[in-house]
Amino acid sequence: MAWSILFVAGLLEITWAIGLKYTEGFTRLVPSVITLAAMAGSVILLGLALKSLPVGTAYAVWTGIGAVGTATLGIYLFGEPATALRLASIGLIVAGIAGLKLVT
């Protein structure tokens, strides 16, 4: 169950990271509210997952999910470059997340 909670926390991290772009410096109300709610939800769920997962593993997986999702959506939504090195780096983060999951 802790891994599922951590996964949702990671998805919320992606939501708030992408949401920051849409808030336009917190000048738009609806995106700002959604972003702040996602921030709070992400940290709360991370805290719940930490009840039974090692802090180093959980934090690394949480930030990894956020980094991979945000980088991928940056490419898709905002036309950020999808160079081979960038995609390979994202793949390395995914491999790291999988490795941490396997050893925990």
Without placing hydrogens or testing angles, list every side-chain donor-acceptor pair under 3.5 Å for residues 86-96, not counting sequence neighbours.
from  : atom 1 : to    : atom 2 : distance (Å)
Arg86 : NH1    : Pro81 : O      : 3.3
Arg86 : NH2    : Glu80 : OE1    : 2.9
Ser89 : OG     : Leu85 : O      : 2.9

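Every side-chain contact (heavy atoms from CB on, under 4.5 Å) that Thr70 has, sequence neighbours left out, goes to Ile14, Ala17, Ile18. The side-chain contact (heavy atoms from CB on, under 4.5 Å) test applied to Ala49 returns Ile5, Leu6, Leu53, not counting sequence neighbours. For Leu100, the side-chain contact (heavy atoms from CB on, under 4.5 Å) partners at least two apart in sequence or on another chain are Thr57, Ala60, Val61.
Residue pairs meeting the ring-ring contact (aromatic ring centres under 6.0 Å, His included) criterion with at least one member in residues 49-72, sequence neighbours excluded, are Tyr59-Trp62. Each ring-ring contact (aromatic ring centres under 6.0 Å, His included) pair with one or both residues in residues 16-47, not counting sequence neighbours, appears once here: Tyr22-Phe78. Screening residues 30-40 for side chain to side chain donor-acceptor pair (under 3.5 Å), with sequence neighbours left out, gives no hits. Sorted by first and then second residue, the side chain to side chain donor-acceptor pair (under 3.5 Å) pairs with a member in residues 43-56 form an empty list; sequence neighbours excluded. A salt bridge (charged side-chain N to carboxylate O under 4.0 Å, His left out) check over residues 56-79, counting only residues at least two apart or in different chains, returns nothing.
The side chain to side chain contact (heavy atoms under 4.5 Å, CB included) test with Met39 is passed by exactly one of Thr15, Ile44, Leu20, Ile34: Leu20.
The backbone N or O of Ala9 sits less than 3.5 Å from a side-chain atom of Ser42, completing a donor-acceptor pair.
Linking Ile, Leu, Val, Met, Phe, Trp and Tyr residues whenever their side-chain heavy atoms come within less than 4.5 Å places Leu12 and Met1 in a single cluster. Transitive grouping of hydrophobic side chains (ILVMFWY, heavy atoms separated by less than 4.5 Å) brings Val55 and Ile97 into a common cluster. Hydrophobic clustering (ILVMFWY, side-chain heavy atoms < 4.5 Å, transitive): Val43 and Val8 are in distinct clusters.
Here the shortest heavy-atom pairing between Thr72 and Val68 reads OG1-O, 2.7 Å. Here the closest heavy-atom approach between residue Pro54 and residue Thr104 is recorded as CD-CG2, 3.7 Å.
Applying the 4.5 Å side-chain rule to ILVMFWY residues, one finds Val33 in the same cluster as Leu29.
If you take CG on Leu45 and CD on Glu13, they are separated by 12.0 Å, rounding to the nearest 0.5 Å.
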